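Below is one structure; the comments refer to it alone.
What you see is a predicted model, and the numbers here were worked out from it, not measured in a lab.
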Amino acid sequence: MVWQEWLFLGCLGFGLIYSLFVLFAADISLHGFGHVEIPLLHPLMWVSGTAAFGGLGFLLWRFSGFSPGIVYLLAALGGVAVAIASYFLWIQPMKNAEASTGYSMNELQGKIGDVLVTVPATGYGEVLIPMVNGVTNHIAASFEQETIAEGARIVVVEVKENVLYVVPYQ
């Protein structure tokens, strides 16, 4: 093998290894790049272009009769085309996707819901809070030590130790 083939295989191998790493450890590898807004600096775009350059370059070098300059040019153009395509077909749509359906208990403060099980003045009841991905029920206590009847609308005033402190919604 000549050094050009090693160059192309190295680029292809780097792209494949990085892709596998992202597949199995995306949270670690992309943590620092999660909010890159300049498309030309997005690491996945560079990796896809590099891998395409390596793969195309190796195939053209090995199986075509083109001169080295033409092989480099075609491989570079192919790498740029794949990088641009990866941005518009994969990176851009994923940027607008919902990352998680989870929520923090502190996000419930200020939410409006309904009482499922009567909340006594000095005890616990249960409330139903609508969320983006459905509804969730939680243990609740009265913030003002007043009984809140089943079916009443409530607003969450405070969250302490996984208990929602609620008042009637007016």
Side-chain angles (χ1 to χ4, degrees), residues 10-56 78-170:
C11 290
L12 179 63
F14 168 75
L16 293 175
I17 290 169
Y18 189 83
S19 297
L20 288 174
F21 181 73
V22 168
L23 179 66
F24 294 112
D27 291 338
I28 297 167
S29 67
L30 296 178
H31 180 70
F33 300 114
H35 300 290
V36 174
E37 295 296 328
I38 303 170
L40 290 176
L41 297 180
H42 199 287
L44 294 179
M45 197 170 133
W46 280 93
V47 169
S48 65
T50 302
F53 168 79
L56 287 170
V80 168
V82 168
I84 291 169
S86 71
Y87 180 77
F88 288 109
L89 296 174
W90 182 36
I91 297 167
Q92 184 67 26
M94 291 303 289
K95 188 167 101 173
N96 299 328
E98 179 70 32
S100 173
T101 58
Y103 61 91
S104 165
M105 288 293 286
N106 292 330
E107 292 176 29
L108 297 174
Q109 191 169 336
K111 295 279 188 186
I112 297 170
D114 299 305
V115 177
L116 288 177
V117 175
T118 300
V119 179
T122 59
Y124 299 104
E126 188 173 359
V127 295
L128 186 70
I129 307 290
M131 302 295 288
V132 173
N133 60 336
V135 292
T136 180
N137 56 329
H138 291 279
I139 296 172
S142 176
F143 184 76
E144 298 173 339
Q145 285 77 38
E146 297 175 354
T147 300
I148 305 172
E150 180 179 332
R153 299 283 288 168
I154 53 91
V155 63
V156 179
V157 176
E158 186 177 32
V159 179
K160 279 197 286 188
E161 299 176 5
N162 293 325
V163 176
L164 306 183
Y165 289 86
V166 300
V167 295
Y169 181 69
Q170 299 173 10

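Note: Asp114 CG to Ile154 CD1 = 7.5 Å, rounded to the nearest 0.5 Å. If you take CG on Leu116 and CD on Glu150, they are separated by 7.5 Å, rounding to the nearest 0.5 Å.
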When you look at Glu126 and Val115, which way does the side chain to side chain contact (heavy atoms under 4.5 Å, CB included) test go after all the steps? CA-CA 6 Å; Glu126 188 173 359; Val115 177; over 6 Å; no
Evaluation steps, side chain to side chain contact (heavy atoms under 4.5 Å, CB included), between Val167 and Glu146: CA-CA 8 Å; Val167 295; Glu146 297 175 354; over 6 Å; no
Step-by-step side chain to side chain contact (heavy atoms under 4.5 Å, CB included) determination, Tyr18 to Leu44: CA-CA 9 Å; Tyr18 189 83; Leu44 294 179; 3.7 Å; yes
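Side-chain atoms of Val159 and Glu107, non-hydrogen and from C-beta on, never get closer than 4.5 Å to each other. A heavy-atom distance below 4.5 Å is not found between the side chains of His138 and Asn162. Counting heavy atoms from C-beta on, the side chains of Val155 and Lys111 never come closer than 4.5 Å.
Ala52 approaches Gly78 most closely through the heavy-atom pair CB-O, 4.3 Å. Residues Thr118 and Ile148 come closest through the heavy atom pair CG2-O, 3.2 Å. Listed here is the closest heavy atom pair of Ala51 and Leu12: O-CD1, 3.6 Å. Looking at every heavy atom in both residues, Ser142 comes nearest to Ala121 through CB-O, 4.3 Å. For the pair Pro130 and Gly113, the tightest heavy-atom approach, listed with the atom from each and the gap, is CD-CA, 4.1 Å. Scanning both residues, Val156 and Leu108, for their nearest heavy atoms gives CB-O, 3.3 Å.
Remark: side-chain polar atoms of Thr136 are not paired, donor with acceptor, to backbone N or O of Ile129 under 3.5 angstrom.
Shown here is Tyr165, whose OH atom has more than 12 heavy atoms of other residues, nucleotides or ligands within 6.0 Å. Counting heavy-atom neighbours within 6.0 Å of Leu16 CG, excluding the residue itself, gives a total above 12.
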